Protein chains: 2
Amino acid sequence: MRISELSRRSGVPNATIKYYLREGLLPPGRATAATQAEYDETHLRRLRLIRALTGVRGLSVAAAKQVLDAMAEHRGDTHELLGIAFGIRPAGTGAPGTADDDRSAEHPEAAALVDAMGWSVSAGNPARQIIDRTLQTLRSLDIEYDWQALLPYAELAERTARHDLDRIETITDPLEKAEHAVLLTFLLEPALMALRRLAQENESTARHGGDGPASTARPAPPEGHGP
Amino acid sequence: MRISELSRRSGVPNATIKYYLREGLLPPGRATAATQAEYDETHLRRLRLIRALTGVRGLSVAAAKQVLDAMAEHRGDTHELLGIAFGIRPAGTGAPGTADDDRSAEHPEAAALVDAMGWSVSAGNPARQIIDRTLQTLRSLDIEYDWQALLPYAELAERTARHDLDRIETITDPLEKAEHAVLLTFLLEPALMALRRLAQENESTARHGGDGPASTARPAPPEGHGP
DNA sequence: ACGATTGGTGAGTGGCACTATCCAGACTAG
DNA sequence: CTAGTCTGGATAGTGCCACTCACCAATCGT
């Protein structure tokens, strides 16, 4: 398969494929001549993976590369692969001014939460930082919130994780298993948040507004900033 | 309070505050003279809100403006406010090439899920689109996944939403209530995903790897693309 | 033989979130 | 009253990202 067919079959423009090749997201094709290379189904699949991670999930191209590289390098090692994948941060997350990149910084609230839940997680997991920073931010906005308020959510997260792992364990092939683990972890995130919003609207309607919800009569559809 | 004090107290650079003023994220101060204006605590608070939404949550400046505007316009109308806020999409979410902006497009899988859960949510809720697109993407990657696989998550989302609403209902002042509703919905999202990851690592360790988790011995801390 | 296509490269584009510079007017210390 | 600093407002510039375009010699299809 040559580049044009790859483009046609994936829906990704020719020039963009070349860009991904340059950035190392897509491995080069098997060169058959000085100006000719052959691509195969693995390239097509990888292209779809890239678009899924950057499109649905909103990862930056660089972050997607890291996930993909980790997947390629640690095929079959589900546990370690997930550990690596957790280290990748989505695009635009994290205040640019706040240089709090120290991995081993103390995150006391996350630690207390982890302890209270009886969880066994590494001190380096960046999720700890996210939790502490979120709590700090909420309190800076005069909202009373501490790690104990997160306990019910942690319990629900635990069940969510059990579902995740249950599903992954149905896969026997270790290579496939590792890949699915990462994809389900990452790609499901927007969907889970979407579910929460649907449930919130439902709950809000049930409790408060018996009349029609606002969303149907919304004036104009606002945009994030995308095309 | 003049602009410099606003800057000092918020930690946001002078020039950035001017930028926010230009973009309409921050309302102009009360002009006392041709080249002098007075800012107050509400400006400071709004500035903190902006940084929370763009920093912790990763919203684009334009999206943050929409949330803030909705909050200012619908103070006290929690239900409608949430409906509006749901329409805002985070930065970088959504494939740039895929022009699927039609609000009322059919999202059959989300509809089936909503139906199965017995939820009452508007057809215009953009969460529907996210769900359908996620499922389509997963299947395009040869992962068997349909709305029924999301049912357990939907149930957990329902409980999450109940926690959310429970908390919000403890607030009596309707103005404060609406604001907290939006903030907890938005700012908590990264933390909830972080909890899921912590729970996943814990569950993965418990089931699979009794040895040390990968995250502690990770070679280099990868970056999204941030600071 | 020859026009179309290919892989590769370098340069350009547009959007975003700032950041820097400038300016006339205003306040402040001496 | 003056010198120096600060202010709000405007314009232009910066850096980064994710592409996108243009070009080239080599190669392919006919």
Side-chain angles (χ1 to χ4, degrees), chain A residues 1-8 10-39 43 47 50-51 53-55 57-66 89-98 223-227, chain B residues 1-8 10-39 43 47 50-51 53-55 57-66 89-98 223-227:
Chain A
M1 186 188 331
R2 288 157 305 204
I3 202 170
S4 295
E5 190 178 351
L6 200 56
S7 168
R8 192 178 43 72
S10 64
V12 179
N14 206 296
T16 304
I17 294 176
K18 290 182 178 181
Y19 165 65
Y20 290 156
L21 284 166
R22 231 178 313 169
E23 297 296 307
L25 272 94
L26 203 58
R30 189 176 48 84
T32 61
T35 68
Q36 221 77 22
E38 186 72 10
Y39 303 96
H43 289 91
L47 211 36
I50 293 167
R51 296 305 267 209
L53 290 174
T54 59
R57 179 46 226 272
L59 286 187
S60 71
V61 165
K65 175 174 160 55
Q66 292 180 353
R89 275 200 292 241
T93 294
T98 316
E223 276 299 320
H225 68 46
Chain B
M1 187 189 328
R2 286 159 307 205
I3 202 170
S4 297
E5 190 178 349
L6 200 56
S7 168
R8 193 178 44 72
S10 64
V12 178
N14 205 297
T16 305
I17 295 177
K18 288 183 179 182
Y19 165 64
Y20 290 156
L21 285 166
R22 253 200 318 277
E23 298 294 309
L25 272 93
L26 204 57
R30 188 176 49 83
T32 61
T35 68
Q36 222 78 20
E38 185 73 11
Y39 304 96
H43 289 92
L47 211 37
I50 293 166
R51 296 305 265 210
L53 290 173
T54 59
R57 178 48 225 272
L59 286 186
S60 71
V61 165
K65 175 174 160 54
Q66 292 180 353
R89 275 200 291 241
T93 294
T98 315
E223 276 299 322
H225 69 43

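Throughout, a chain's letter reflects where its sequence line sits, starting with A, and its residues are numbered from 1. Fair warning: this is a prediction, and the values are worked out from it, not measured in the lab.
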Distances for protein N/O vs nucleotides 4-8 of chain C N/O pairs under 3.5 angstrom?
residue : atom : partner  : partner atom : Å
dT6(C)  : OP1  : Ser4(A)  : OG           : 2.8
dT6(C)  : OP2  : Ser4(A)  : OG           : 2.4
dG7(C)  : OP1  : Ile3(A)  : N            : 3.4
dG7(C)  : OP1  : Ala37(A) : O            : 3.2
dG7(C)  : OP2  : Ile3(A)  : N            : 3.4
dG7(C)  : O4'  : Thr35(A) : O            : 3.3
dG7(C)  : N7   : Lys18(A) : NZ           : 3.4
dG8(C)  : N7   : Lys18(A) : NZ           : 3.3
dG8(C)  : O6   : Lys18(A) : NZ           : 2.9

Verdict with supporting geometry, Tyr20(B) and Arg51(B), side-chain contact (heavy atoms from CB on, under 4.5 Å): CA-CA 11 Å; Tyr20(B) 290 156; Arg51(B) 296 305 265 210; 2.7 Å; yes
Starting at atom CD1 of Ile17(B), determine the distance to atom P of dA20(C), rounded to an integer number of angstrom. 14 Å
Could you tell me the separation between the CD atom of Glu23(B) and the P atom of dT11(D), rounded to a whole number of Å? 13 Å
Heavy-atom nearest pair, Ile17(A) first then Ser10(A), reads CD1-OG, 4.4 Å
Side chains of Leu21(B) and Tyr39(B): does their closest heavy-atom pair fall under 4.5 Å? yes
Classify the side chain of Arg22(B) versus the base of dG8(D) as yes if they form a donor-acceptor pair under 3.5 Å and no if they do not. no
Identify, with sequence neighbours excluded, every residue that meets ring-ring contact (aromatic ring centres under 6.0 Å, His included) alongside Tyr19(B). none
Does the side chain of Thr16(A) get closer than 4.0 angstrom to OP1 or OP2 of dT20(D) through an N or O atom? yes
Quick one: side chain to side chain donor-acceptor pair (under 3.5 Å) pairs with a partner in residues 23-36 of chain B, sequence neighbours left out? none
Can you tell me which nucleotide in dA17(C), dA18(D), dA20(C) comes closest to the side chain of Val61(A)? dA18(D)
Treating Ser7(B) as the side-chain partner and Val12(B) as the backbone partner, does any N or O pair qualify as donor plus acceptor under 3.5 Å? yes
